[in-house]
Amino acid sequence: MIEAVQGCLAQYVAQLQEPLVTQLYQQLPPGKMLRSRLILAIAPEAIPLAAIVEMIHAASLLHDDVIDDASMRRGLPSINALYGNKRAIMLGDILYSKAFFELAKLPHPIPQIISHAVTLLSVGELLDVELSATFNPDEERYFDMIYKKTGSLIEASAQAAAILAGKERPELYGLYGKNLGIAFQIVDDILDLTQESERLGKPAMADLQEGKTTLPLIYLYESLDPEGRRRLRELHGRALAKEEIAWLRERLEGSGALERAKKRVWSLAQEGIEAVGKEERLLEIMERLIERTH
Ligand code: FPP
Ligand code: MG
């Protein structure tokens with residue numbers, strides 16, 4: 001099934017009839033295809049929708065790596081690192097507009113649902129840039145940003161798939177997708193602080209250095225005394241020395257911040273599962289996500 005999505009993607013790219021685009025596209029490191037797995041779990045026939053969402057997602061990551069000045073993606077050199085920002089941006093725009101060309105062929109209201117999510121996704125990325133400028137201890141602003149940046153497209157994917165499959169309450173699938181997306185982002189935030197670079201396929205402990213005050217860091221901040229808070233704020237947005245990373249690790253361990261963030265993941269997962277009435281395949285997707293926190 002996933003192979004069918006990959007075939008559809010390859011076909012869309014081939015239709016552009018530009019060898020340079022095909023060559024650059026082939027250099028994109030393959031991802032987990034979470035969005036496609038989710039769409040197909042709800043609507044097994046919805047191959048074009050899955051391919052469209054993967055193209056939008058790939059475009060957003062191409063742009064995100066330029067914005068974040070990232071040199072690695074999924075354990076391999078990013079397109080901007082290999083070929084420069086200009087090519088990465090344009091490959092993103094090409095994939096993005098081809099995705100919209102194909103999206104326009106899908107029945108009402110699928111194009112509206114997906115395109116609205118892409119607006120939110122872009123607003124989310126802008127908010128991420130904005131929030132990263134200073135240390136952000138505000139949990140609510142963090143949740144609003146990750147819902148838009150990561151939750152919105154997954155929410156829309158699930159809802160659109162449910163409509164295509166003729167499900168009775170597509171908005172409940174949307175809620176499942178939204179929670180899956182938000183939980184996924186929090187798991188990512190936890191792993192940034194707990195895993196080694198080799199396992200992540202990107203530098204570890206990078207979020208704070210890049211200016212991102214993620215949920216576990218907000219919880220850590222709340223647990224610290226004024227001196228600890230001052231010190232944590234002071235680590236924001238710059239390269240950290242070994243001793244500073246060790247200080248951060250030690251504080252995280254004693255604070256219960258990671259556990260608190262994991263609890264948020266579990267309650268989001270629970271709410272999502274209940275929304276779709278414990279559907280077997282959706283339960284499995286959510287469980288696999290949670291396992292990554294252990
Ligand atoms: C990854 O965030 C980024 C996103 C999930 C969304 C990025 C969205 C845009 C760049 C808007 C433009 C959209 C299109 C379709 C052209 P991250 O940096 O936290 O995650 P990472 O560690 O995987 O880089
Ligand atoms: Mg990034």
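Atom set for the values below is all heavy atoms of this structure, side chains included, hydrogens, waters and symmetry mates excluded. Indexing begins at 1, ligand by ligand and atom by atom, following the structure's order.
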Next on the checklist: Measuring from non-hydrogen atoms of His57 to any atom of ligand 1, is the shortest distance under 4.0 Å?
Outcome noted: no
Next on the checklist: Tell me the contacting part of Glu125 for ligand 1: side chain, backbone, both, or neither, using a 4.0 Å heavy-atom threshold, strictly below.
Outcome noted: side chain
Checklist entry - Should we count CD of Glu45 as having more than 12 external heavy atoms under 6.0 Å? => result no
Item to check | Numbered atoms of ligand 1 (with element) below 4.0 Å of His63, judged on heavy atoms | outcome: 10 (C), 16 (C)
Next on the checklist: Ring of Phe135, cation from Arg233 - is the NZ or CZ under 6.0 Å from the centre and inside 45° of the axis?
Outcome noted: no
Item to check | Partners passing ring-ring contact (aromatic ring centres under 6.0 Å, His included) against Tyr147 (at least two apart in sequence or in another chain) | outcome: none
Next on the checklist: Tell me whether the count of non-hydrogen atoms from other residues, nucleotides or ligands lying under 6.0 Å of CZ in Arg87 goes above 12.
Outcome noted: no
Item to check | Where ligand 1 meets Ile56 - atom numbers and elements under 4.0 angstrom, heavy-atom basis | outcome: 15 (C)
Checklist entry - Are Asp68 and Arg73 within salt-bridge range, i.e. N to O under 4.0 Å? => result no
Next on the checklist: Tell me whether the count of non-hydrogen atoms from other residues, nucleotides or ligands lying under 6.0 Å of CD in Glu130 goes above 12.
Outcome noted: no
Next on the checklist: Tell me every residue that passes ring-ring contact (aromatic ring centres under 6.0 Å, His included) with Tyr25, counting only those two or more places apart in sequence or in another chain.
Outcome noted: none
Next on the checklist: Taking 4.0 angstrom as the limit and counting only heavy atoms of Leu121, give me the atoms of ligand 1 inside it, by number and element.
Outcome noted: 6 (C), 8 (C), 13 (C)
Checklist entry - Counting both backbone and side chain atoms, is some N or O of Asp128 under 3.5 Å from an N or O of ligand 1? => result no
Item to check | Glu140, CD atom: more than 12 neighbouring heavy atoms under 6.0 Å | outcome: no
Next on the checklist: I'd like to check which ligand 1 atoms, numbered from 1 as shown, lie under 4.0 Å from a non-hydrogen atom of Asp64.
Outcome noted: 1 (C), 2 (O), 3 (C), 10 (C), 17 (P), 18 (O), 24 (O)
Checklist outcome for this item: Protein N/O/S atoms closer than 2.8 Å to the Mg ion (ligand 2), ordered by chain and number, come to Asp64 OD2, Asp68 OD2
Checklist entry - Which bit of Asp68 is near ligand 1, meaning a heavy atom under 4.0 Å away: side chain, backbone, both or neither? => result side chain
Checklist entry - So is Arg73 in contact with ligand 1, going by heavy-atom distances below 4.0 Å? => result yes
Checklist entry - Between the candidates Ser78, Ala70, Ser60, which shows the shortest non-hydrogen contact distance to atom 14 (C) of ligand 1? => result Ser60
Checklist entry - Touching ligand 1 at all, Ser122? Heavy atoms, strictly under 4.0 Å? => result yes
Next on the checklist: Tell me every residue that passes ring-ring contact (aromatic ring centres under 6.0 Å, His included) with Phe100, counting only those two or more places apart in sequence or in another chain.
Outcome noted: Tyr96
Checklist entry - Does Arg238 CZ have over 12 foreign heavy atoms under 6.0 Å away? => result yes
Next on the checklist: Could you tell me, atom by atom, which parts of ligand 1 come under 4.0 Å of a heavy atom of Lys212?
Outcome noted: 17 (P), 18 (O), 19 (O)
Checklist outcome for this item: OH (Tyr176) and CD (Glu271) are apart, to the nearest 0.5 Å, by 13.0 Å
